[in-house]
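Report on the structure given below.
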Amino acid sequence: MSQQLMSLVEKASIKEEVSQFEIGDTVDVHCRILEGEKERIQIFNGVVIARASSGTRATFTVRRIVQGEGVERKFPLHSPRIAKVEVKRSGVTRRAKLYYLRDRKGKAVRLKERRVDTKKKPKQ
Amino acid sequence: MVAGLLGRKVGMTQIFDSVGQVIPATVIQAGPCHVLQLRTVERDGYEAVQLGYLDKPRRLAGRSVRGHVAKLESKRQKRRAAGGMEAVPKADCEPKRWVREFRGPIEGLQVGQELKVDVFSEIVAVDVVGTSKGRGTAGVMKRHGFHGQRASHGVKKVHRHAGSTGCCTDPHRIFKGRRMPGHYGAVRRTVRNLKVVQVDVENNLLVVRGAIPGPNGGYVMIQQTNKL
């Protein structure tokens with residue numbers, strides 16, 4: 001019962017359609033940035049290394065290398081400030097959290113590309 | 001009119017506001033509450049409204065509880081009526097599980113009236129009273145926020161203890177008020193000035209910003225804040 005009541009409140013904060021992406025995907029995260037009155041979109045590009053929590057709390061972590069330094073950003077999945085998440089490239093992964101990428105440098109950071117079978121219907 | 005209501009804590013969650021910022025929110029199932037009695041200055045010396053929340057099965061309610069909410073036939077009542085005494089107004093509802101009073105002006109309220117969460121629709125902030133979570137016997141670190149002792153440097157088996165509790169031969173006793181381990185929690189606590197985020201009349205839900213005392217399912221009193 002309490003879960004049902006909770007979902008009534010959370011419903012407004014959950015996006016009906018969330019961009020589909022998976023762990024290991026290289027994505028462009030389009031963030032809305034407010035500068036006074038004006039709004040503009042900033043893109044954060046990187047590899048999705050983790051997804052956490054559920055409901056309105058759901059987040060995902062994107063990692064990229066900027067000038068040889070690893071930068072990670074955690075985004076709330078349902079935040080209205082996230083305009084969209086665009087998948088640029090899919091990677092082959094064998095685990096749900098790619099924290100091992102933090103210890104790697106240079107070429108070792110790369111993930112093998114996952115080929116999507118075009119004959120099959122995409123997973124819902 | 002007093003803007004107060006009884007309810008139960010549903011739980012905490014987070015929601016996004018119009019700018020996209022996260023609000024830590026507590027969901028409270030507030031009301032509907034029946035007005036069971038009105039306290040007046042002439043009769044009781046103060047003004048207050050008595051509210052009842054959630055029905056209690058009649059078989060579990062004592063005769064005094066049933067008689068409080070509805071008119072029961074009794075010899076005493078008949079005698080009083082015969083003596084020309086005015087009958088006390090009753091709410092004429094089911095016996096209530098939880099009954100509490102809210103002090104304040106009572107104009108515009110009637111016994112038997114049903115109050116819903118829309119009493120808070122115009123209100124910016126509320127105070128919430130509840131019973132905090134019981135923690136049983138707790139040590140000084142949890143209970144009073146002491147820092148404990150060091151992990152090493154000769155400290156043995158007393159890492160979570162308090163240090164000295166007092167002086168020596170003079171005064172030869174421990175002063176009153178020394179904070180020590182003991183029972184912690186399960187007491188009445190008030191959290192003041194919580195902003196009202198959302199009022200859902202259809203589902204009797206009130207969403208406030210911040211945390212409130214007690215476990216999920218705990219009973220709480222909600223009242224317009226006087227701290228603004």
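So you know, we letter chains A, B, ... as the sequences are listed, proteins then strands, and number each from 1.
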Counting only heavy atoms not in A:Lys97, do more than 12 sit closer than 6.0 Å to its NZ atom? yes
Check this for me: A:Lys15, atom NZ, are more than 12 non-hydrogen atoms of other residues, nucleotides or ligands nearer than 6.0 Å? yes
Heavy-atom proximity to chain A below 4.5 Å, by part of B:Ile15: both
Might you work through the side chain to side chain contact (heavy atoms under 4.5 Å, CB included) test for A:Leu5 and B:Leu205, ending with a clear yes or no? CA-CA 8 Å; A:Leu5 294 175; B:Leu205 293 181; 4.1 Å; yes
What is the distance from atom CD of A:Glu10 to atom OG1 of B:Thr13, rounded to the nearest 0.5 Å? 3.5 Å
Check whether more than 12 heavy atoms from other residues, nucleotides or ligands sit under 6.0 Å from atom CZ of A:Arg89, and answer yes or no. yes
Non-hydrogen atoms of chain B under 4.5 Å away: do they reach the side chain of A:Leu8, the backbone, both or neither? side chain
Once rounded to the nearest 0.5 Å, what's the spacing between atom CE of B:Met12 and atom CE of A:Met6? 8.5 Å
Count the heavy atoms of every other residue, nucleotide or ligand shown that sit under 6.0 Å from CZ of B:Arg135, and state whether that count exceeds 12. yes
Per-residue contact mode, B:Val19 against chain A (heavy atom under 4.5 angstrom): both
Within a 6.0 Å radius of atom CZ on B:Arg192, are there more than 12 heavy atoms belonging to other residues, nucleotides or ligands? yes
Close approach to chain B in residues 30-69 of chain A, criterion heavy atom under 4.5 Å: A:Leu34, A:Thr56, A:Arg57
Sequence neighbours excluded, the answer for side chain to side chain donor-acceptor pair (under 3.5 Å) partners of B:Tyr46 is B:Arg39, B:Glu101
Between B:Gln14 and chain A, which part of the residue has a heavy atom less than 4.5 Å away: side chain, backbone, both or neither? both
Minimum heavy-atom distance A:Ser13-B:Phe16, with the two atoms named: OG-N, 3.1 Å
